[in-house]
Amino acid sequence: MRFRDEYRQAATARGLADALAAIMTRPWTLMEVCGGQTHAILRFGVDALLPPGLALVHGPGCPVCVTPVDYIDKAIEIAACPGVILCSFGDMLRVPGSAGTLLEARARGADIRTVYSPLDALALARAAPGREIVFFAVGFETTAPANALAAYQARREGLGNFSLLASHFRVPPAMRAILAAPGNRVQGFLAAGHVCTIMGMDEYEPIAAAHRVPIVVTGFEPVDILQGVLSCVRQLEAGQALVENQYARSVRQLGNGVAKALMAEVFRVVPRHWRGIGAIAESGLGLAPAYDAWNAECKFGPVRQGIEPERGCISGQVLRGTRKPTDCPAFATRCTPERPLGVTMVSSEGACAAYYRYRDAPAPVTAAPR
Amino acid sequence: MSGGGAEFALTCPPLSAADETVQLAHGSGGRAMARLLETIIRPALAEPELDRQHDGAILEAAGQLAFTTDSYVVRPLFFPGGDIGALAVNGTVNDLAMCGARPLWLSVGLILEEGLPLATLGAVLASMRAAAAAAGVRLVTGDTKVVERGKADGMFIATAGIGQVVAPAPIAPDRLRPGDAVILSGDIGRHGMAVMAAREGFGFTPAIASDCAAVAAPVLALLAAGIAVHCLRDPTRGGLASAMVEIAEKAQCAIALDEALIPVRADVAAACDLLGLDPLQVACEGRFVAFVPSTDAEPALALLRAHPVSAEARVIGAVTVGSAGQVSCRGPLGIARALDMLSGEALPRIC
């Protein structure tokens with residue numbers, strides 16, 4: 001398959017790993033920002049190819065993981081209102097709020113539906129004028145344009161029975177917060193290729209310059225990731241701190257202008273609370289006042305952000321990149337995908353779930369025949 | 001319950017629009033039900049045993065029998081490559097085949113939703129008849145119930161099946177031995193993706209078609225040729241990964257697979273990539289895995305490849321003496337990862 005198989009070649013991957021080993025003179029710690037990258041690293045065993053001394057820590061780029069409990073509680077509360085159909089992306093459904101998940105709310109009788117695009121929810125609103133359709137709009141800059149389009153179209157059509165419960169996140173402020181946090185270990189970033197496909201690379205230049213860290217916009221296949229790591233380490237070894245683009249087959253310097261214009265029309269930058277991390281200034285996107293009539297928080301009351309319950313695990317530190325999932329005493333014992341303690345185990349893209357799912361297979365005594 | 005035309009006219013409405021959908025009365029046990037059986041169900045299935053209109057089928061058998069049951073709920077009822085009727089026959093036929101049995105007889109329990117178009121029912125029954133004929137099984141007894149609108153997704157079907165055991169030794173996980181070859185009969189993940197794409201209206205072009213098919217013929221060919229089949233499993237819900245983990249745990253042995261040897265069609269791989277699903281955890285409905293001694297692997301492959309449904313059979317790994325219950329899969333970079341059963345429902349990710 002084009003754009004896939006050539007990025008999964010063992011020989012290419014090993015060549016990159018060898019090149020990396022050849023240029024490294026000291027240990028380095030890099031963070032891959034996106035959960036999709038974390039997943040690929042563990043699924044393909046990219047970490048096993050890295051030379052000793054090169055540590056990859058996993059970033060907060062899993063939207064399901066960082067969505068605050070209060071938004072899930074609000075979604076469940078809204079779904080319980082008569083006449084409401086709550087639409088959500090699938091993997092949000094099993095994330096626990098303070099009193100259960102959306103899946104459990106559905107089992108109790110709430111009308112909660114999985115959609116693959118906010119435009120499906122919009123179509124439902126047109127088809128069911130007697131019902132109130134609420135789309136649970138979570139995600140990073142990647143999902144924001146489609147959600148913006150849904151709100152924009154609803155407003156243009158005067159569709160009164162559609163609204164968004166919006167909990168959008170922006171990646172660059174989170175990267176700044178990670179770098180500024182006490183105990184930060186991150187010396188370079190693999191930035192999220194999909195986010196940059198929308199947003200471009202301009203917002204990353206000031207971060208690289210201010211914090212003296214290389215930032216390499218990176219794709220999601222194993223060869224992408226190794227190329228990103230190699231570029232990052234090459235910069236670190238040379239004392240550089242530049243923004244580079246490994247994922248040029250998708251990312252342009254200025255990003256997607258149409259998508260950005262739509263986001264600017266519908267959203268405004270707001271402070272946002274990240275589950276497990278805390279409040280980060282300017283790290284969220286909320287609906288602009290012109291969209292109050294399509295804002296579920298205006299229709300059903302605001303989300304009240306409270307104190308997160310203690311979950312007896314280190315998922316917050318995992319999201320900040322200061323600890324690894326395997327550092328947690330609960331990992332794979334008290335905490336599994338079936339009975340998750342922290343959100344990083346709930347979402348299939350969370351670092352703990354990825355570690356659990358792809359935890360090392362012991363080397364078989366008899367190799368599989370080729 | 002003699003249904004003369006005149007008598008019918010007195011108690012039942014004449015053929016009208018109302019007759020074109022299933023009504024609650026069709027499940028009442030009265031004349032409407034008799035008419036549904038007479039005019040739609042029995043003609044569609046064309047089975048002499050059903051025409052006897054007995055409370056049950058009288059069957060002759062000798063030796064060991066295998067007996068299995070399964071219920072089929074799928075939305076939509078029709079999807080590229082199959083429908084609930086074909087699924088209900090092939091699924092139960094395949095479960096019998098996995099026991100090393102020749103499928104002989106099936107029962108058919110229909111739970112119909114009020115308002116289901118009779119044309120839809122007819123099409124599903126025609127598909128069941130065709131699937132039964134293709135698999136060489138007879139649909140010998142049945143039951144029909146009707147539930148109120150909204151209480152079933154159009155229709156549910158339950159089938160139970162009886163087969164004649166032909167395997168000379170039990171077919172079970174505890175017969176796995178280190179060194180056994182793991183043979184997969186064809187590409188994986190098509191059924192799960194076909195149904196999900198049809199249900200959610202993804203509009204892939206061309207549409208992904210389900211692999212829904214009976215696999216009894218190639219299994220019986222293996223047994224007839226004297227291949228020492230240790231274990232068989234059809235990777236339905238939970239996919240290949242869940243099936244392998246289940247067997248490794250039961251057998252207390254390890255299984256090592258090689259991802260490069262596991263066929264996944266490009267359209268299925270692309271759809272899985274898009275949705276964040278692992279093809280190894282996506283359901284098949286016309287595939288099976290056979291564990292055979294490595295010395296039997298080549299002759300087994302030759303036999304399987306003679307059947308269209310298993311023409312792409314290949315060895316995908318081996319049983320090993322690693323830690324009990326562990327299934328590992330060597331990826332494209334040559335690094336092994338552990339496979340696990342699917343946790344909960346497979347939910348597509350956000351981005």
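Chain naming here is simple, since letters A, B, ... match the order of the sequence lines and numbering starts at 1 in each. Side-chain atoms are counted along with the backbone in the values below, which use heavy atoms only and exclude waters and symmetry mates. Everything numeric in this text was worked out from a predicted model, so none of it was measured.
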Within this structure, what is the CG-CG distance for the pair B/Leu333 and A/Leu226, rounded to the nearest 0.5 Å?
7.5 Å

Nearest non-hydrogen partners of A/Ala10 and B/Pro332, listed with the distance:
CB-O, 3.4 Å

If you count the non-hydrogen atoms of other residues, nucleotides and ligands that lie under 6.0 Å from CZ in B/Arg149, is the total more than 12?
no

Nearest 0.5 angstrom please: B/Asp273 CG to A/Phe220 CZ, how far?
12.0 Å

Is A/Arg43 close to chain B through its backbone or its side chain, or both, or neither, when contacts mean heavy atoms under 4.5 Å?
both

Who pairs with A/Leu122 by side-chain contact (heavy atoms from CB on, under 4.5 Å), at least two apart in sequence or on another chain?
A/Leu119, A/Arg126, A/Gln153, A/Ala154, A/Leu159, A/Phe162

Would you say that more than 12 heavy atoms from the other residues, nucleotides or ligands in this model lie under 6.0 Å from the CZ of B/Arg305, or not?
yes

Answer yes when B/Glu259 and A/Arg8 have at least one side-chain N-carboxylate O distance shorter than 4.0 Å, and no when they do not.
no

